[in-house]
2 protein chains.
Amino acid sequence: MFRLSKITDYGIVLLAHLAKRAPGLGTQATSHNARELASEVDLPVPVVSKILKSLTRAGVLESHRGAKGGYSLARRPEDLSVVEMITALDGPVALTQCNMGTEVCEHEGSCAVRNPWQVINQVVRYSLSGVTLADLINPSFSAQHAPLSSLGRYMQGEPPRSRVS
Amino acid sequence: MFRLSKITDYGIVLLAHLAKRAPGLGTQATSHNARELASEVDLPVPVVSKILKSLTRAGVLESHRGAKGGYSLARRPEDLSVVEMITALDGPVALTQCNMGTEVCEHEGSCAVRNPWQVINQVVRYSLSGVTLADLINPSFSAQHAPLSSLGRYMQGEPPRSRVS
DNA sequence: TATTTACAGAACCAATTCGGTCCGATATCC
DNA sequence: GGATATCGGACCGAATTGGTTCTGTAAATA
């Protein structure tokens, strides 16, 4: 199947919720704990906790342990792309296994489509890297088809704006 | 995981192989049987057979039964988009389950990212619909980043060229 | 017409993956 | 020192996937 896992789906919902609820960056003051977030988003606590841990390990969130601890965004929503969220939760964005890098494809000799797939992957990656967390929580975004503008910038040679420099 | 199934991967390899080997359209003369194709692509015969059946059911291939039968492309490679191949093998291209249409998402009330996901899906779909089977077997394609040109056309309001009219 | 070839369709099974839970350890606040 | 909350695993049942097998049917050929 082409769709991504529920964990990734939930994770993006959580990030959007965090961005909406605490626009400020990750100080202790703006952090929310897993139980609180779970009830707000209406998902089981262990699941939310697991997702938040993954996002923290990937550097998307910051964690504060101990009493009054919790999670908060590690970056501004404008600086967090959809590609990075998906990568953090689901691994690298690659449509075919040949493009995963590490493992060797045993059909390499007879495989005629390796390079084209790489181009396709690149296009998908770039289109998704043009959409940021800030876009996701912007109500006027969906109506405007905004990601296309970032694609336009990409086509003119400009790197996607969400890229961390 | 964001990647697509092995079946889809194999299927596209098979289609590319067919397009390379028999550029002409689906007359009996240009058809190849499952066993032959399986040995050429170096995959188990039952797997190849299963994939070819799916592609036939989806209208991507034509089948000829009986002795000297086999499979052949139902359309010219230029008229077959990657989106259609993936759809035929893996179902509709949709990244999150909320976008699958039929089933109802139980978190709809607290879900803040439904519309943005639809936009993202659309961008992915259009970028993939701009790449055709003919592109996949064109050696100079990968170097040129050709899919971007179709994205450019899309952004100017033109429908993707691979769409069947 | 009998035989051979090859697709059609469905059931089937083993293995991997995924969604979700649980627990001991560690760090922080009061 | 006690309470709170994350960290990092292991863990399990269920769903999906990759792959096989079998019976039926259509077409070509002798």
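Labels below follow one simple rule: chain letters A, B, ... track the order of the sequence lines, proteins then strands, and each chain is numbered from 1. Predicted model, so just to flag it, every value in this text is computed and none were measured.
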Next on the checklist: Using side-chain contact (heavy atoms from CB on, under 4.5 Å), reason through B:Leu133 and B:Leu73 one step at a time and then give a plain yes or no.
Outcome noted: CA-CA 11 Å; B:Leu133 179 55; B:Leu73 291 173; 4.1 Å; yes
Next on the checklist: Base, sugar-phosphate or nothing for A:Ile7? Non-hydrogen atoms, less than 4.0 Å.
Outcome noted: sugar-phosphate
Item to check | Closest listed nucleotide, where the reference is the side chain of B:Ser63 and the choices are C:dC7, D:dA3, D:dA27 | outcome: C:dC7
Item to check | For atom NZ of B:Lys68 and atom C1' of C:dT4, their distance in whole Å | outcome: 13 Å
Checklist entry - Atom CG of A:Leu61 and atom C1' of D:dC7: how far apart are they, to the nearest Å? => result 14 Å
Checklist outcome for this item: Here the distance between atom C1' of C:dA25 and atom CZ of A:Arg65, to the nearest Å, is 8 Å
Checklist entry - With sugar-phosphate meaning primed atoms plus P, OP1 and OP2, does B:Pro46 contact a base, only sugar-phosphate, or nothing at under 4.0 Å between heavy atoms? => result base
Item to check | Salt-bridge criterion met for B:Glu40 and B:Lys20 (N-O under 4.0 Å) | outcome: no
Checklist entry - Counting side-chain heavy atoms from C-beta on, which of C:dA8, D:dT6, D:dT20 comes nearest to B:Val47? => result D:dT20
Checklist entry - D:dT16 P sits how many Å from B:Leu89 CG, rounded? => result 19 Å
Checklist outcome for this item: When rounded to the nearest 0.5 Å, the distance separating CD1 of B:Ile12 from CD1 of B:Ile7 is 12.5 Å
Item to check | From D:dG9, D:dA5, C:dG20, nucleotide with atom closest to A:Lys53 side chain | outcome: D:dG9
Item to check | Side chain of B:Ala34 - closest among D:dG18, C:dC7, C:dG19 | outcome: C:dC7
Checklist entry - What are the two closest non-hydrogen atoms of B:Leu55 and B:Gly11, and how far apart are they? => result CD1-O, 4.4 Å
Next on the checklist: Could you tell me how far apart A:Asp9 (CG) and C:dG20 (C1') are, to the nearest whole angstrom?
Outcome noted: 16 Å
Checklist entry - Nearest of C:dA6, D:dT4, D:dC7 to any side-chain atom of A:Thr56? => result D:dC7
Checklist entry - Which whole-number value in Å describes the distance from B:Ile51 CD1 to D:dG18 P? => result 9 Å
Checklist entry - Hey, mind stepping through A:Val41 and A:Val48 against side-chain contact (heavy atoms from CB on, under 4.5 Å) and telling me if it holds? => result CA-CA 9 Å; A:Val41 174; A:Val48 169; 5.7 Å; no
Checklist entry - OP1 or OP2 of D:dG19 sitting under 4.0 Å from any side-chain N/O of B:Tyr10? => result yes
Next on the checklist: I'd like to know if A:Lys50 reaches the base of C:dG20 with its side chain, counting only an N/O donor and acceptor under 3.5 Å.
Outcome noted: yes
Checklist outcome for this item: When rounded to whole Å, the NE2 to P distance for the pair B:His64 and C:dT4 reads 24 Å
Next on the checklist: Please report the distance, rounded to the nearest Å, between CG in A:Leu55 and P in D:dT6.
Outcome noted: 13 Å
Next on the checklist: Check this one for me: any side-chain N or O of B:Arg57 less than 4.0 Å away from OP1 or OP2 of C:dA8?
Outcome noted: no
